[in-house]
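The structure appears right after this line, and notes come after that.
Whatever order the structure lists ligands and atoms in, that order sets their numbers, starting from 1. These values consider heavy atoms only, across backbone and side chains, with no hydrogens, waters or symmetry-generated copies.
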Amino acid sequence: MHFFQYRGRELYAEDVPVRQLAEKYGTPLYVYSHETLVRHFKAYDDAYATFPHIICYALKANTNGAILNLLAREGAGADIVSGGELFRALKAGIPPEKIVYAGVGKTEDEIRYALRSGVLMFNVESSDELREIDRVAHTMKVKAPIALRINPDIDPRTHPYISTGMREHKFGIAISDALEHYRLAARLRNIEIVGVQKHIGSQITRTAPFVDAVKRILVLVDALKRHRILIRYLDIGGGLGITYQSETPPLPSDIAKRLLPLLRNRDITLVMEPGRSIVGNAGILVTRTLYLKQGEGKTFVIVDAGMNDLMRPSLYDAFHQITPVVKKNRTKIRADVVGPICETGDFLAKGRIIDRVNRGEYLAVMSAGGYGMSMSSTYNSRPKAAEVLVKGKTHALISKRGSYADLVQNEVMPRYVR
Ligand code: LLP
């Protein structure tokens with residue numbers, strides 16, 4: 001459920017016509033809905049209200065500071081994968097004791113930074129990493145709280161690029177090797193075992209893979225207990241899908257109904273790491289039609305947003321609905337909606353039946369709040385899009401449009417090229 005709806009012919013973001021926003025702030029423009037973000041966060045918080053839990057929002061989905069501030073105020077923790085994300089999470093006021101740190105390639109500097117900050121736990125992905133965290137913690141004379149990321153070998157039945165929990169993936173530790181790794185962790189003097197984590201993939205639209213994965217992890221938790229290794233935090237990762245086209249993913253409450261009975265009488269805090277399901281449908285990308293071009297048996301709608309602004313269609317062949325910001329009675333055409341980037345792979349939609357739009361009209365690319373802006377780049381020297389947050393009738397810029405000066409701000413000119 002989101003708050004981008006048509007009122008008559010006009011698409012609104014909450015109580016503001018999207019056209020007005022595009023005219024005021026220019027395009028390409030990311031527009032987010034405050035109410036939708038809060039609602040999505042609460043859907044998780046309410047679903048698990050009866051059980052100790054921490055909702056660690058996965059920053060990678062969208063790192064805008066205003067969105068992080070808003071979620072922090074709702075009580076969110078953070079799932080981070082880099083020092084940069086830790087910096088952003090702390091800056092937004094997310095308490096370190098609600099921050100979990102994942103990723104297969106944590107550097108020494110990043111480990112130090114996280115230890116200094118006092119994060120809840122490192123989600124560790126290999127024995128090498130475990131030893132490195134132990135070594136760094138030793139030099140700092142602290143104990144590092146860790147969970148092992150366990151790969152339950154469950155097929156989440158999602159796109160291969162965003163599926164992570166199977167044996168052949170680089171992520172996590174095979175469940176068959178889990179006990180041995182926990183024993184190693186227990187031997188390391190500067191490591192404190194606090195949890196277990198799993199994450200099997202993203203854009204998952206069924207309940208069963210989630211529940212099956214948790215069941216497998218609980219078998220492991222019980223086995224660990226027999227070895228006197230106690231798990232305080234059960235981190236079930238993120239991955240709940242959203243509706244891009246016609247998917248009907250379960251709600252957080254549907255998953256909770258299946259998981260909570262499995263957790264009764266366990267002295268454990270549940271941690272989860274949702275990203276897309278919080279921000280995905282809370283944001284749209286607004287773009288302007290520059291030209292219509294009739295190709296060989298094909299129409300191209302050329303717009304001012306490209307793969308640098310929203311990479312998902314090019315990278316994953318992902319589907320995003322595209323709809324005119326102001327509806328009119330029009331004929332439909334089949335078209336490729338493409339950006340200005342000099343790449344054949346620069347498209348937002350392919351062979352799509354859409355309303356025949358005219359030059360200068362605005363289009364909304366829906367469900368672009370997650371992995372949209374956070375994966376954007378300045379490829380082709382295109383400054384970054386602006387971002388706006390709408391709350392009821394009010395709206396404000398939450399990230400300025402990039403400038404040409406921004407494009408070169410980090411460049412340094414050695415004397416021998418001057
Ligand atoms: N936790 C871990 C350990 C993860 O790797 C991820 C996402 C999440 C949580 C959050 O997953 P979510 O709830 O957002 O599904 N760029 C891709 C998605 C990559 C997901 C990477 N990991 C896309 O645009 O579809």
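Taking a cut-off of under 4.0 Å to the non-hydrogen atoms of Pro274, the atoms of ligand 1 that pass are 13 (O). Each of the atoms 1 (N), 2 (C), 3 (C), 8 (C), 9 (C), 10 (C), 13 (O) of ligand 1 lies under 4.0 Å from some heavy atom of Glu273. Here is the list of ligand 1 atoms found below 4.0 Å of a heavy atom in Arg149: 3 (C). Of all atoms in ligand 1, numbered sequentially from 1 with element shown, those under 4.0 Å from a heavy atom of Gly239 are 11 (O), 12 (P), 13 (O), 15 (O). Atoms of ligand 1 found under 4.0 Å from any heavy atom of Asp79, numbered from 1 in the order shown, are 1 (N), 2 (C), 9 (C). Below 4.0 Å from some heavy atom of Gly238 lie the following atoms of ligand 1, by number and element: 9 (C), 13 (O). Residue Arg276 approaches ligand 1 through these ligand atoms, each under 4.0 Å from one of its heavy atoms: 12 (P), 13 (O), 14 (O), 18 (C), 23 (C), 25 (O). Near Gly275, meaning under 4.0 Å from any of its heavy atoms, are these atoms of ligand 1: 12 (P), 13 (O), 14 (O).
A cation-pi arrangement is present between Arg352 and Phe319, with the terminal nitrogen or guanidinium carbon under 6.0 Å from the aromatic centre and inside a 45° cone about the axis. The cationic group of Lys350 lies under 6.0 Å from the six-membered ring centre of Phe347 and within 45° of the ring axis, placing it in a cation-pi geometry. Cation-pi geometry between Lys106 and Phe122 is not met: the NZ or CZ atom fails to fall both under 6.0 Å from the ring centre and inside 45° of the normal.
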Please tabulate, one pair per line, all N/O donor-acceptor pairs under 3.5 Å involving side-chain atoms of residues 239-246, not counting sequence neighbours.
residue, atom, partner, partner atom, Å
Thr243, OG1, Glu247, O, 3.0
Tyr244, OH, Arg276, NH1, 2.7

Show me the donor-acceptor pairs within less than 3.5 Å that the side chains of residues 61-71 make with the rest of the protein, sequence neighbours left out.
residue, atom, partner, partner atom, Å
Asn62, OD1, Asn64, N, 3.0
Asn62, ND2, Tyr32, OH, 3.1
Asn62, ND2, Gly369, O, 3.0
Asn64, OD1, Ala66, N, 2.8
Asn64, ND2, Glu387, OE1, 3.1
Asn64, ND2, Ile398, O, 3.1

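By the 3.5 Å distance cut-off applied to N or O atoms, Ser277 is not counted among the residues near ligand 1. Inclusion of Tyr371 in the set of residues having an N or O under 3.5 Å from an N or O of ligand 1 is warranted. Checked against a 3.5 angstrom limit, the closest N/O atoms of Ala58 and ligand 1 fall outside it.
Salt bridge present: Lys60 and Asp79 bring a charged side-chain N and a carboxylate O closer than 4.0 Å. A salt bridge links Arg135 with Glu132: the distance from a Lys NZ or Arg NE/NH1/NH2 to an Asp or Glu carboxylate oxygen falls below 4.0 Å.
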Does Tyr25 form a ring pair (Phe, Tyr, Trp, His ring centres under 6.0 Å) with His395? I'd like the steps, not just the answer. CA-CA 11 Å; Tyr25 299 103; His395 47 88; 5.7 Å; yes
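Residue-level proximity to ligand 1 for Phe171 is absent, since no heavy atom of it falls below 4.0 angstrom.
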